[in-house]
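It should be emphasised that the depicted structure is a prediction, and the values quoted were computed from it without experimental measurement.
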Number of protein chains: 2
Amino acid sequence: MTNCMFSISDIERESGISRDTLRVWERRYGFPTPSRNERGERIYPDEQLLRLRLIKQLQDSGMQPGKLVKLEYQQLQQLTFQPDNSALVPADVKMLMDILTSGFGSGLISQLDTLLHQRGLRYFLTDVVAPMNHAVGQAWFEGRVGILDEHYYAETIRTVLTVALNGLPPGDGNPKIMLTTLPGEQHGIGLLMAACMLRLEGAGVVLIGVQTPLEEIVRGAIESGCSIVGISCSDYMGRRTIASQLVKLRALLPEGVAIWAGGSGVRTLTFLKDSIRLFNDLDQIHAAVQAVLNVAAGAKYELIAGT
Amino acid sequence: MTNCMFSISDIERESGISRDTLRVWERRYGFPTPSRNERGERIYPDEQLLRLRLIKQLQDSGMQPGKLVKLEYQQLQQLTFQPDNSALVPADVKMLMDILTSGFGSGLISQLDTLLHQRGLRYFLTDVVAPMNHAVGQAWFEGRVGILDEHYYAETIRTVLTVALNGLPPGDGNPKIMLTTLPGEQHGIGLLMAACMLRLEGAGVVLIGVQTPLEEIVRGAIESGCSIVGISCSDYMGRRTIASQLVKLRALLPEGVAIWAGGSGVRTLTFLKDSIRLFNDLDQIHAAVQAVLNVAAGAKYELIAGT
DNA sequence: GGTCATATTTGTCCTAGACAACATATAAAT
DNA sequence: ATTTATATGTTGTCTAGGACAAATATGACC
């Protein structure tokens, strides 16, 4: 029953590896090894899909595909086991993971709500959501939860954060920041987390959804008078794509508008540090906003003093 | 400034037309007509991107690409003007469109909130959100609003509906329905609308995000004990893809689990009527849920009577 | 008007080659 | 010994033009 075969389009969609790459891997490394249907088209068994997904993940964390494809499935799985930091995982995250793996609808949302009220939004974000995101990603990676569980978790978090964000008192709205993701990037949770943090700092947030074309980002930033554009990057997209798109965006955007980029996708980006502000951490948002406000205040002070 | 050139990947991502199709159109119909960079690769001016987006839309509403590509941009735009039903557009929708086109952050969310409380969720969905979705899509289509405005609208609606859904009292949870979209489908608003309608009927809703692989939908439906799987299809994906995926899903899913499919993407689907319940309208949800409950009650009655 | 057979249209898949961008190894020079 | 230049891999994306089945349109006939 589980032995369905997938076409190359299916594999592209499900693994995130392009057709061209799939064909060139087959040609060069001898993997994957799809059989052919009566029409001579590639058909892949599901076990190869699993292996490809694993390879994609490992590759995104910096390994060379040419070496990965030579390894067996089990060897690949071993690679995924990071230096074990389970000691560092908060008890709450463990509990949430237990709920998640035990099936749907069993009170995940109410547990999250409880934690939110116990800790307050600020520490809920940094101490619960952020580590939990990581734990869920890791668990999927190791095959302990399915894509479905990940989606269910994401949807639940989205609900909780949306409700929380909506209940927050608006600050004075400075600085004004537009939040979105690059074309191709589908993960919106990081955006919501950033929106919450920024609203907590009193900043003005214009939350746009995911996948905004670059020209539209530019137009929006100008029309809405935002002085900062915030971009959230997961590591779902390759570093390559992220970097080239950020560079393009920087070129299109007026100099007066800053770019702030965060998320796991910008972790290893170093070379565009001077033109773009990179965030490895939600906590850095506080300092960054304060810095902007101070500069603005300083400028105003100078203006007054100079008059 | 706006005269940037796009690579074939950019065009694929931004227009939703695959590389292969772009190349084959060029070969067959002589459009698009990209120039080449020093490396011999296609580069497209932005005006061709706009035309391609338009063609994609018209094509999805049933026209032949081979005829569309021969037309000029202005002729294409004329085609988009549907039989004018602006008389049917409620005043509220007109007002919301005005707000949307007048820039960001100017009270769209508060207006929506007001309307929600005036009408109640039920009629807010059918009389405001549904027509507004259509109006926004149409306006984008005709070039009156940008993608950014559409995203901003979508994000705002998502917020309003999420908050509303979360505030709804849980019913008895029958029938239990899992909601998601097919792989490739990114629009989640229809899902939220359906979730609201179903919760209003007292049904149990397991809201999964977008783009769930078929095997995972099956696993989830079984594990969570859902008797119905609800799929929301926008017309962003081609009819082709939608139909083939739905057929695949029907084959994978146990017979006891029904498939309900709704959204503008299933409007013209007819041939799978007997195996899948198709919805053209939010209002049909009420009747469908009642029918399921009656059958269940009838079965129970028969069981009792038979004993 | 409806039903069937034939013709056209259309998207996706194929092969196999090329090349730039990046990473890494090796040699030369300070 | 450390930096700098050069060579060698490695990798993803792009190219061309051909093939074919599934979807759709056209026309003949009842």
Side-chain angles (χ1 to χ4, degrees), chain A residues 5-13 15-32 34-44 52 55-56 58-60 62-70 184 237-245 247 268-272, chain B residues 5-13 15-32 34-44 52 55-56 58-70 184 237-245 247-248 268-272:
Chain A
M5 300 296 261
F6 300 93
S7 74
I8 199 169
S9 312
D10 293 332
I11 299 290
E12 173 177 40
R13 183 167 15 77
S15 74
I17 303 169
S18 78
R19 295 155 206 261
D20 280 327
T21 303
L22 285 168
R23 283 195 275 253
V24 96
W25 281 5
E26 184 183 337
R27 202 196 311 166
R28 284 192 192 139
Y29 314 128
F31 183 85
S35 33
R36 303 296 178 117
N37 65 9
E38 70 284 354
R39 225 177 300 158
E41 296 169 1
R42 290 169 176 81
I43 46 174
Y44 300 79
L52 285 167
I55 290 175
K56 179 74 190 330
L58 288 166
Q59 184 195 185
D60 279 342
M63 309 195 170
Q64 293 189 9
K67 294 181 178 160
L68 290 171
V69 294
K70 287 168 193 156
M237 293 203 300
R239 261 135 264 283
R240 224 180 241 261
T241 325
I242 294 175
S244 80
Q245 303 231 69
V247 169
T268 54
L269 260 47
T270 50
F271 57 95
L272 27 74
Chain B
M5 299 296 261
F6 300 93
S7 75
I8 197 170
S9 312
D10 294 332
I11 299 290
E12 173 176 40
R13 183 167 16 78
S15 73
I17 303 169
S18 78
R19 296 155 206 259
D20 279 325
T21 304
L22 285 167
R23 282 194 276 254
V24 95
W25 280 5
E26 184 183 338
R27 199 197 313 164
R28 285 193 190 138
Y29 314 128
F31 183 85
S35 34
R36 301 300 178 116
N37 65 9
E38 68 284 357
R39 224 178 301 158
E41 295 170 0
R42 290 168 176 82
I43 45 175
Y44 301 78
L52 285 167
I55 289 174
K56 180 73 189 334
L58 288 165
Q59 184 195 184
D60 279 342
S61 54
M63 310 196 165
Q64 292 189 19
K67 295 184 177 156
L68 291 171
V69 293
K70 285 168 194 155
M237 294 203 299
R239 260 135 265 284
R240 219 181 246 259
T241 326
I242 294 175
S244 80
Q245 302 231 71
V247 169
K248 257 191 193 173
T268 54
L269 259 48
T270 50
F271 56 95
L272 26 75

**Report entry** K70(B) NZ to dT9(C) C1', straight-line distance once rounded to whole Å
**Finding:** 10 Å

Report task. Answer yes or no: is there a side-chain heavy-atom contact under 4.5 Å between L58(A) and K67(A)? Result -> no

Report summary line: Of the listed dG12(D), dC14(D), dT10(C), the closest approach to the V24(A) side chain comes from dG12(D)

Report task. Look at all strands and tell whether Q59(B) reaches a base, only sugar-phosphate, or nothing, counting heavy atoms closer than 4.0 Å. Result -> sugar-phosphate

Requested in this report: Between Q64(B) and R39(B), name the one whose nearest nucleotide on DNA chain C is closer to the 5' end.
Outcome: Q64(B)

**Report entry** Rounded distance (Å) that lies between atom P of dT9(C) and atom CH2 of W25(B)
**Finding:** 15 Å

Query - Residue pair W25(B) / V69(B), side-chain heavy-atom distance below 4.5 Å - result: yes

Report summary line: Testing dC14(C), dC14(D), dT12(C) for proximity to the side chain of I8(A), the answer is dC14(C)

Report task. Report the nucleotide, chosen from dG12(D), dG11(C), dA16(D), that has the shortest atom-to-atom distance to any side-chain atom of R36(B). Result -> dA16(D)

**Report entry** Residue pair L22(B) / I11(B), side-chain heavy-atom distance below 4.5 Å
**Finding:** yes

**Report entry** Residue R28(B), side-chain heavy atoms: nucleotide from dT10(C), dT13(D), dC14(D) that is nearest
**Finding:** dT10(C)

Requested in this report: May I ask you to say what E26(B) touches in the nucleic acid, namely base, sugar-phosphate or nothing, with a heavy-atom cut-off under 4.0 Å?
Outcome: nothing

Requested in this report: Using the closest heavy atom to pick a nucleotide of DNA chain C for each, name whichever of T21(B) or D20(A) lands nearer the 5' end.
Outcome: T21(B)

Report task. Please examine the side chains of Q59(A) and L68(A), heavy atoms only from C-beta on, and report whether any two atoms are closer than 4.5 Å. Result -> yes

Query raised in the report: Taking atom P of dT13(D) as reference, at what distance in whole Å does atom CZ of R23(B) sit?
Result: 13 Å

Requested in this report: Please state whether the base of dG17(D) and the side chain of R27(B) form at least one donor-acceptor pair under 3.5 Å?
Outcome: yes

Requested in this report: Would you indicate which nucleotide in dG11(C), dC13(C), dG12(D) comes nearest to any side-chain atom of P65(B)?
Outcome: dG11(C)

Query raised in the report: So, is S7(B) near the phosphate of dT13(D), with a side-chain N or O under 4.0 Å from OP1 or OP2?
Result: no

Query raised in the report: Taking CD1 from I43(A) and P from dA21(D), how many angstroms apart are they, rounded to a whole number?
Result: 15 Å

**Report entry** dT9(C) OP1/OP2 closer than 4.0 Å to side-chain N/O of Y29(B)
**Finding:** no

Query raised in the report: Just how far, in rounded Å, is C1' of dA25(D) from CG of L68(B)?
Result: 15 Å

Query raised in the report: Tell me: CG of D10(B) to C1' of dT13(D), nearest whole Å?
Result: 12 Å

Requested in this report: Please report, rounded to the nearest Å, how far the C1' atom of dT10(C) is from the CD1 atom of I55(B).
Outcome: 14 Å

Requested in this report: Please state whether the phosphate of dC14(D), meaning OP1 or OP2, lies under 4.0 angstrom from any side-chain nitrogen or oxygen of S9(B).
Outcome: yes

Query raised in the report: Closest to the R42(B) side chain: dT15(D), dT9(C), dG12(D)?
Result: dT15(D)

Query raised in the report: Would you say the side chain of P34(A) lies within less than 4.5 Å of the side chain of E26(A), judging by non-hydrogen atoms?
Result: yes

Query raised in the report: Nearest-Å distance, CZ (R19(B)) to C1' (dT12(C))?
Result: 14 Å

**Report entry** Heavy-atom check, side chain of S7(B) versus side chain of R42(B), under 4.5 Å
**Finding:** no

